[in-house]
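Below is one structure, written out as structure tokens; comments come after it.
For clarity, every value in this text was computed on a predicted model and none was experimentally measured.
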Amino acid sequence: MSSLERADGAFWDTLRTTTQSRIGLGRTGDALPTRRVLEFSAAHAAARDAVHQPLDTDAFVARARGLGLGEPIVVTSRAADRGEYLRRPDLGRAPSDLSAVPKTGADLGLVLADGLSPKALTDHGTALAGAILAALPPDVTVAPPVIATQARVALGDHVARALGVRTLLVLIGERPGLSVADSLGIYLTHRADPEDFGSGVTDAHRNCISNIHPPEGLGYADAARIAASLVVGARRLGRSGVDLKDTSRAELEGPDQRGLH
């Protein structure tokens, strides 16, 4: 190996420590090095497993009890299994039965959904939910947690109506990639009841916090701070979505720093 090749390799080795992206993979003749091919195959397998492996509902319910919000309620979508869930996104947005969901009249509903990565919910769901509860103002009442399987984000709208809450947070597993298989997202919707909107709830009515998977991604405390700020802002504004902005950074920095961004 020449000195130029060694310097080039050192450059990419340093740069790779700053990102999970696949960069500077090198070449062996006209192909990638065997090591990089095997790494890619392993990442692809991990992403597939994250999508297809169902949530261990019983174990997750036991962990969700530790949130101190009461007995978790388990609901499922109209998708019968992971295969149908992946083929029919529409079925993942509709509940099969919400009769076990009580009308609470709480301020905030919390849905813990498997989404496209049950692994993400297993790895991060209860820890993130606990951080959010700690970050919320003390006067915000929270309904018992709802655990949703084979679920898309819009399933939460029906849960919000059943719970009788005006504001909803859906913590859901995001689509795995070849760098991250366990990333969690938070979707906030104010006035989430589908009947509140003549044309139904759309993505424009929601706010999203994504890429939550410490230590490489967004951490629990930062995600919780943003979520709590959005909850407060939505309740103050009377709506969520495109009109609602995250002010958490400005609120932390104070008025002297708000003009510096």
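Dense packing is recorded around OH of Tyr85, with more than 12 heavy atoms of other residues, nucleotides or ligands lying under 6.0 Å away. The number of heavy-atom neighbours closer than 6.0 Å to CZ of Arg175, taken from other residues, nucleotides and ligands shown, is 12 or below. Enclosure of atom CG in Asp203 is not indicated, since only 12 or fewer non-hydrogen atoms of other residues, nucleotides or ligands lie within 6.0 angstrom. Within a 6.0 Å sphere centred on NE2 of His44, heavy atoms belonging to other residues, nucleotides or ligands number 12 at most. Surrounding CG of Asp139 are more than 12 heavy atoms belonging to other residues, nucleotides or ligands, all under 6.0 Å away.
A donor-acceptor pair shorter than 3.5 Å cannot be found between the side chains of Thr189 and Ser240. Side-chain contact of Asp114 with Thr149: a donor-acceptor pair under 3.5 Å is absent, judged by distance alone. In summary, the side chains of Glu174 and Ser183 do present a donor paired with an acceptor at a separation below 3.5 Å, with no hydrogens or angles considered. Between the side chains of Asp123 and His213, no donor-acceptor pair of N or O atoms lies under 3.5 Å. In summary, the side chains of His205 and Thr202 do present a donor paired with an acceptor at a separation below 3.5 Å, with no hydrogens or angles considered.
The pair Glu39-Arg36 meets the salt-bridge criterion, with a side-chain N (NZ, NE, NH1 or NH2) lying under 4.0 Å from an Asp/Glu carboxylate O. Residues Asp157 and Arg206 are paired through a salt bridge, judged by an N-O separation under 4.0 Å between the basic side chain and the carboxylate. Using a cutoff of 4.0 Å between basic side-chain nitrogens and carboxylate oxygens, Arg235 and Asp107 are scored as salt-bridged.
Among all heavy-atom pairs drawn from Ala162 and Leu98, the shortest one is CB-CD1, 4.2 Å.
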